[in-house]
Amino acid sequence: MLSLWVSAVVFASPMGAFATEAAATGAAAGGGAGHAWWFWPLILLVFCFVLGVIAVLAGVGGGVLYVPLVSGFFPFHIDFVRGAGLMVALAGALAAGPGLLKRNLASLRLALPMALIASACAVVGAMLGLYLSKLDPRYVQTALGATIMGISILLLCSKNSEYPVVTKQDAISHALGIEGIYQDQATGKEFEWKTHRTFTGLLLFVVIGIMAGMFGLGAGWANIPVLNLLMGAPLKVSVATSKFLLSITDTSAAWVYMNQGAVIPLIAIPSIIGLMLGSLVGVRLLAVAKASFIRYMVIGVLFFAGFKALDKGLGLGIMG
């Protein structure tokens with residue numbers, strides 16, 4: 001139902017119908033000549049289904065895989081891919097957000113200060129990304145490649161802590177009331193938690209917001225380490241709050257792309273439906289899959305996709 005709702009919103013965009021025709025023309029110009037109009041959307045649907053399965057098994061958001069892979073291997077303009085990437089991340093966050101709040105996993109006190117900063121900066125990032133793309137799309141492609149390679153290294157090196165030790169709550173966290181009681185449903189035990197190094201966390205969310213808007217990435221890969229490792233929130237609270245944060249941050253950036261006609265129904269709808277269906281299958285496979293192998297495979301794919309984007313942006317021609 002959610003994917004249909006998001007699809008309806010995309011279709012309702014004043015520029016949606018015009019942009020769909022532009023997407024079909026752009027796809028043909030980029031190497032899709034000789035194919036029917038439905039060829040690339042169908043391939044994208046299948047591709048995103050596989051992507052959705054892998055994303056769940058690897059424990060990463062679909063957006064961080066979607067943008068570098070689709071921009072690297074499909075004949076779509078980078079602006080259209082980033083716009084669709086935000087809709088993909090937003091659909092997943094909106095699907096999960098209400099349930100996480102209902103189960104008291106996501107913390108509003110933790111999310112709202114970060115969301116205020118990240119969403120404002122995501123708008124700036126979206127405008128900056130579209131401006132750079134007008135100057136030369138290779139600027140965005142190069143920056144995206146460097147960022148994705150950095151994310152793959154971060155995922156390889158980062159180790160989350162389930163219950164970080166926070167000896168003293170800082171003044172900002174205390175003033176904002178960023179604390180709570182978390183009940184682990186697996187054990188039935190309750191844990192009191194609070195945060196520290198809040199000012200540093202707020203500054204990092206400036207960078208996260210800009211990057212999310214500029215590249216159309218879901219920022220879960222960055223939200224969770226900041227909330228968990230830096231600020232000291234429990235891992236499950238960090239994961240749930242990060243998902244809720246995406247529903248606010250990505251909404252802000254998505255409107256910028258929609259206003260500029262960069263959210264294309266012909267690209268966004270197959271992507272959202274494919275990732276949603278793939279996620280359902282991925283959840284069922286999660287119990288039997290070897291998550292560590294899948295995670296390292298995804299890190300390798302991300303590094304490869306980042307290198308391809310970097311190669312494409314710099315015009316090196318190493319990978320064709």
Side-chain angles (χ1 to χ4, degrees), residues 1-13 16 44-45 48-49 51-53 55-56 59-67 70 81-123 125-126 205 208-209 211-213 215-224 227 236-259 262-265 267-283:
M1 288 297 293
L2 179 70
S3 60
L4 294 177
W5 179 84
V6 175
S7 302
V9 171
V10 174
F11 269 125
S13 171
L44 187 62
L45 176 67
C48 287
F49 175 82
L51 212 61
V53 175
V56 171
V60 298
V64 74
L65 294 172
Y66 177 88
V67 176
V70 173
V81 177
R82 288 183 295 155
L86 282 170
M87 299 304 293
V88 163
L90 181 58
L94 288 173
L100 294 172
L101 285 172
K102 189 176 181 179
R103 291 177 176 84
N104 201 30
L105 287 173
S107 169
L108 279 176
R109 289 182 179 271
L110 178 60
L112 290 181
M114 311 303 161
L116 178 63
I117 293 175
S119 58
C121 293
V123 173
F205 270 97
I208 292 170
M211 293 175 67
F215 300 125
L217 301 173
W221 56 270
N223 291 346
I224 296 170
L227 295 174
K236 290 185 179 179
V237 173
S238 299
V239 171
T241 302
S242 170
K243 204 70 173 176
F244 177 73
L245 266 170
L246 291 180
S247 65
I248 302 174
T249 306
D250 290 349
T251 300
S252 304
W255 281 115
V256 177
Y257 284 88
M258 290 184 71
N259 187 54
V263 177
I264 310 299
I267 300 174
I269 293 173
S271 302
I272 293 170
I273 294 175
L275 274 158
M276 286 288 190
L277 294 176
S279 297
L280 294 176
V281 175
V283 169

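Each residue takes its place number in the sequence, starting with 1.
- Distance check, rounded to the nearest 0.5 Å: OG of Ser107 to CG of Leu245 gives 10.0 Å.
- Proximity of Asn223 to Phe205: side-chain heavy atoms (C-beta onward) are separated by under 4.5 Å at one or more points.
- Rounding to the nearest 0.5 angstrom, the gap separating the CG atom in Leu277 from the CD1 atom in Ile272 is 12.0 Å.
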Show every donor-acceptor pair shorter than 3.5 Å between a side-chain atom in residues 84-93 and any protein atom, with sequence neighbours excluded, or say none if there are none.
none

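- Ser247 places a side-chain N or O within 3.5 Å of a backbone atom of Phe244 that can act as its donor or acceptor partner.
- A side chain to side chain donor-acceptor pair (under 3.5 Å) check over residues 268-277, counting only residues at least two apart or in different chains, returns the pairs Tyr66-Ser271.
- Under the side-chain contact (heavy atoms from CB on, under 4.5 Å) criterion, Ala240 pairs with Leu100, Leu105, Ala106, not counting sequence neighbours.
- The side-chain contact (heavy atoms from CB on, under 4.5 Å) check on Val256 picks up Val123, Ala126, Met127, Leu130, with sequence neighbours excluded.
- Residue pairs meeting the salt bridge (Lys or Arg N to Asp or Glu O under 4.0 Å) criterion with at least one member in residues 82-92, sequence neighbours excluded: Asp79-Arg82.
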Let me check something: any side-chain donor-acceptor pairs from residues 114-121 under 3.5 Å, sequence neighbours excluded? List them with distances.
unit_1	atom_1	unit_2	atom_2	d
Ser119	OG	Ala115	O	2.6
Ser119	OG	Leu116	O	3.3

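- The minimum heavy-atom distance between Ala268 and Val263, with the atom names listed, is CB-CG1, 4.3 Å.
- With rounding to the nearest 0.5 Å, the separation of CG in Leu94 from OG1 in Thr251 is 6.0 Å.
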Checklist entry - Going through the distances and angles, do Leu227 and Thr241 end up as a side-chain contact (heavy atoms from CB on, under 4.5 Å)? => result CA-CA 9 Å; Leu227 295 174; Thr241 302; 4.2 Å; yes

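- Using a 4.5 Å heavy-atom cutoff, the side chains of Ile267 and Val81 are not in contact.
- For Thr249, there are no side-chain hydrogen bond (donor to acceptor under 3.5 Å, both in side chains) partners two or more places apart in sequence or in a different chain.
- Here the straight-line distance linking atom CG of Leu44 with atom SG of Cys48 works out to 4.0 Å at 0.5 Å rounding.
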